[in-house]
Asker: 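Okay, here's the structure, questions in a sec.
A, B, ... follow the sequence lines: proteins, then strands. Residue 1 opens every chain.
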Amino acid sequence: MLTLNYDTLTVTAATQIQKDLRDDIVIQARNFPVNIIAGADISFNKFSTTVYAGIILIRFPELIPIGYSLIKKEVLFPYVPGYLAFREASALMGAWEQLPLKPDLLVVDGHGIAHPRGMGIAAHFGVLAKTPAVGCAKKVLCGKYEEPSSEKGSSTPLIFKNEVVGAALRAKNAVKPVFVSPGYGMDVPGTVEIITQCVGRYRLPEPTRLAHNIVNRFRLGEVPEGYTEV
DNA sequence: GCGACAG
DNA sequence: ATCTTGTCGC
């Protein structure tokens with residue numbers, strides 16, 4: 001069992017952890033089938049140290065939910081841009097270990113290697129859980145990109161330090177793009193491909209959207225903690 | 001020193 | 001991230 005606790009960490013210490021974990025990142029073409037994909041997200045009340053984490057399992061490519069793991073946890077590390085994992089990964093790990101079966105690929109709300117030190121939450125979590133992961137964010141953290149054409153499915157490379165670290169992906173016509181990047185066990189083209197296949201009728205790909213949805217309902221007391229099969 | 005800054 | 005009313009467009 002892997003319990004993460006970043007409560008007493010300083011940002012300086014967190015930076016060192018990111019640099020250490022960076023050596024364990026594996027970026028490569030996907031070499032496994034995806035039958036179950038998962039979405040991970042966090043929800044919390046403003047100014048509260050209680051975070052609600054959730055992971056939803058989804059059959060792929062049908063995009064039908066099969067179950068979700070929800071857990072509540074106290075977290076002291078604040079939100080600091082570039083250090084999201086130190087606030088959210090601990091609770092996510094709780095939800096992860098509560099899963100009766102693991103997904104083939106995890107989609108995390110946030111960035112993968114499209115990060116100042118190449119260690120966004122999707123990479124951070126993927127390395128620690130030793131599981132394939134990609135990041136899907138609503139906003140850029142670092143890097144530059146050309147606006148993708150307005151038609152759904154178009155994408156442009158996200159470049160940071162002269163390196164392609166991800167992509168801006170137009171999931172739907174005439175809506176803002178989402179930013180995807182590999183986290184662990186995936187590469188940029190493979191990440192764009194699979195996320196594209198996860199788009200339903202909304203801007204956010206289903207794993208991210210459904211995870212956000214269920215964890216929010218959990219925070220509001222509409223669904224119970226633990227694992228629920230659907 | 002000045003902006004930018006995942007959730 | 002969360003809260004919130006109204007407005008625009010398919």
Asker: Would you say the side-chain atoms of A:Asp109 and A:Thr208 include a donor-acceptor pair closer than 3.5 Å?
Answerer: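 Side-chain D/A pair, A:Asp109 to A:Thr208: absent.
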
Asker: Tell me the interatomic distance from A:Ile42, atom CD1, to B:dG7, atom C1', rounded to whole angstroms.
Answerer: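 From A:Ile42 CD1 to B:dG7 C1': 9 Å.
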
Asker: Mind running a 4.0 Å heavy-atom check of residues 113-150 of chain A against DNA chain B and sending the residues that fall below it, in number order?
Answerer: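 Of all residues in residues 113-150 of chain A, the ones placing a heavy atom under 4.0 Å from DNA chain B are A:His115, A:Gly120, A:Ile121, A:Ala137, A:Lys138, A:Lys139, A:Val140, A:Leu141.
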
Asker: A:Phe86 has an atom CZ; how far is it from atom C1' of C:dA1, in whole Å?
Answerer: 19 Å

Asker: Nearest whole Å is fine: how far is B:dA6 P from A:Arg87 CZ?
Answerer: 14 Å

Asker: Does either side chain, that of A:Arg217 or that of A:Tyr68, offer a donor lying less than 3.5 Å from an acceptor on the other one?
Answerer: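 Looking only at side-chain atoms, A:Tyr68 and A:Arg217 do not form any donor-acceptor pair under 3.5 Å.
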
Asker: Evaluate whether the aromatic ring of A:Phe44 and the six-membered ring of the C:dA1 base sit under 5.5 Å apart, centre to centre, with an inclination under 30°.
Answerer: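 Whether judged by distance or by angle, A:Phe44 falls short somewhere, so it does not stack on the base of C:dA1.
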
Asker: Is A:Val34 reachable from A:Leu106 through a run of I, L, V, M, F, W or Y residues, each pair having side-chain heavy atoms under 4.5 Å apart?
Answerer: no

Asker: More than 12 non-hydrogen atoms from neighbouring residues, nucleotides or ligands closer than 6.0 Å to CD on A:Glu222, yes or no?
Answerer: yes

Asker: Under 4.0 angstrom, heavy atoms only, what part of the nucleic acid is A:Tyr83 near: base, sugar-phosphate, or nothing?
Answerer: base

Asker: Decide, yes or no, whether a salt bridge links A:Asp24 with A:Lys130 under the criterion of side-chain N to carboxylate O below 4.0 Å.
Answerer: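 Result for this pair is no, no salt bridge flagged.
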
Asker: For this output row, return yes or no: ring centroids of A:His124 and A:Phe86 closer than 6.0 angstrom.
Answerer: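 So the answer is yes for these two rings.
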
Asker: When you measure from the side chain of A:Arg30 to the backbone of A:Asp187, do you find a donor-acceptor pair of N or O atoms at a distance under 3.5 Å?
Answerer: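 Not at all, since once roles are kept as given, no pair shorter than 3.5 Å links the two residues.
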
Asker: Which whole-number value in Å describes the distance from A:His111 NE2 to B:dC5 P?
Answerer: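 From A:His111 NE2 to B:dC5 P: 10 Å.
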
Asker: What string of B, S and - do you get for nucleotides 3-10 of chain C 5' to 3' if you count protein non-hydrogen atoms under 4.0 Å?
Answerer: S-------

Asker: Hydrogens and angles aside, do A:Arg59 and A:Asn35 bring a side-chain donor and acceptor to less than 3.5 Å of each other?
Answerer: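 Short answer, no.
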
Asker: Identify the stems formed by DNA chain C, where each pair is Watson-Crick or G-U wobble with both distances under 3.5 angstrom and a stem is at least 3 consecutive pairs.
Answerer: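 Looking at DNA chain C, no stem of three or more consecutive pairs is formed.
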
Asker: Distance check needed: B:dC5 P versus A:Phe160 CZ, whole Å only.
Answerer: 13 Å

Asker: Can you find a side-chain donor-acceptor pair between A:Thr131 and A:Lys102 that sits under 3.5 Å?
Answerer: no

Asker: Taking atom NZ of A:Lys172 as the centre, does the number of heavy atoms from other residues, nucleotides or ligands within less than 6.0 Å exceed 12?
Answerer: yes

Asker: Would you say A:Glu146 has more than 12 foreign heavy atoms packed within less than 6.0 Å of its CD?
Answerer: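 Result for CD/A:Glu146: open.
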
Asker: With a cut-off of less than 4.0 Å, is there a side-chain N or O of A:His212 near OP1 or OP2 of C:dA1?
Answerer: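 Checking A:His212 against C:dA1: at least one side-chain N or O falls below 4.0 Å of OP1 or OP2.
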
